[in-house]
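Heads up: numbering here begins at 1 and tracks the sequence. Scope of the values below: all heavy atoms of this structure, side chains included, with no hydrogens, waters or symmetry mates. None of the values given here were measured: they were computed from a predicted structure.
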Amino acid sequence: MKKLLFIAALCCLSFASANAQQVFNRILTKAQGIAQDKTMDLEKRKVATFEVDALNYMAMKTREVNPDAKVIELDRQALAMYEFVNMFLDEITRANKKKDRLEVVRIFKETSVYYVRFHDTDKEMVMSYYDNPKFITQFSLDTDWEKALAEVKRVMTLVKSHNHKDYR
């Protein structure tokens with residue numbers, strides 16, 4: 001697990017130092033590669049499929065809502081989405097009890113719905129993963145990932161401080 005966290009941290013550092021729109025493109029390319037690799041674990045491919053869909057949705061809606069948006073905005077949102085998903089997976093893995101895992105799922109799902117970015121009225125598309133039991137990443141696509149990430153960091157810190165003996 002520590003090796004996985006170290007690799008994730010290295011990825012984040014390489015993403016953070018990338019040039020304009022390289023962050024978005026790198027995350028998208030990596031997710032597409034995993035999603036299409038039939039040799040990969042099915043759950044990893046499903047997570048990557050969510051990431052591809054979330055990134056494509058994000059790019060489409062950003063161009064639609066604000067065609068003059070700065071490239072850095074898309075990069076920041078993409079990196080925040082990537083960190084949000086990875087933090088979610090880390091927290092699910094760390095939670096020892098079923099009730100703790102369910103609480104992690106609830107926190108991340110609710111946060112993804114609460115921090116709306118585009119206010120898209122196409123709820124079928126926006127919520128296509130939300131209640132889909134085939135995917136662990138049951139999040140809204142219409143999420144302000146920077147705000148959602150900040151919130152789950154805050155909430156998970158509180159949860160861990162109150163339940164530190166039981167949580168892990």
| request: For side chain to side chain contact (heavy atoms under 4.5 Å, CB included), just list the numbers for Glu51 and Ile27, CA-CA rounded to whole Å, side-chain angles, deciding distance to a tenth of an Å, and then say yes or no. | output: CA-CA 8 Å; Glu51 291 173 334; Ile27 294 171; 5.5 Å; no
| request: Test salt bridge (charged side-chain N to carboxylate O under 4.0 Å, His left out) on Lys98 and Glu103 and set out the steps. | output: CA-CA 9 Å; Lys98 183 177 180 175; Glu103 181 67 3; over 6 Å; no
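Both Val113 and Met125 are assigned to one and the same hydrophobic cluster, defined by single-linkage of ILVMFWY side chains at heavy-atom distances under 4.5 Å. Under the 4.5 Å side-chain heavy-atom criterion for grouping Ile, Leu, Val, Met, Phe, Trp and Tyr, Met81 is connected to Ile92 within one hydrophobic cluster. Grouping the Ile, Leu, Val, Met, Phe, Trp and Tyr side chains by contacts below 4.5 angstrom, directly or via other members, places Tyr129 with Leu28. At a threshold of 4.5 Å between side-chain heavy atoms, the hydrophobic network of Ile, Leu, Val, Met, Phe, Trp and Tyr places Met40 and Val47 in two separate groups.
A cation-pi arrangement is present between Lys109 and Tyr130, with the terminal nitrogen or guanidinium carbon under 6.0 Å from the aromatic centre and inside a 45° cone about the axis.
Between Glu83 and Lys153, at least one side-chain N (NZ, or NE/NH1/NH2) sits under 4.0 Å from a carboxylate O, which counts as a salt bridge. For Lys160 and Glu91, the salt-bridge test passes: some basic side-chain N is under 4.0 Å from an acidic carboxylate O.
With 3.5 Å as the limit, one finds a donor-acceptor pair spanning the side chains of Gln77 and Asp144. Under 3.5 Å, the side chains of Thr39 and Asp37 contain a donor-acceptor pair of N or O atoms. For the 3.5 Å distance criterion, the side chains of Lys30 and Tyr82 qualify, holding a donor opposite an acceptor.
A ring-centre distance under 6.0 Å is not found for Phe50 and Phe135.
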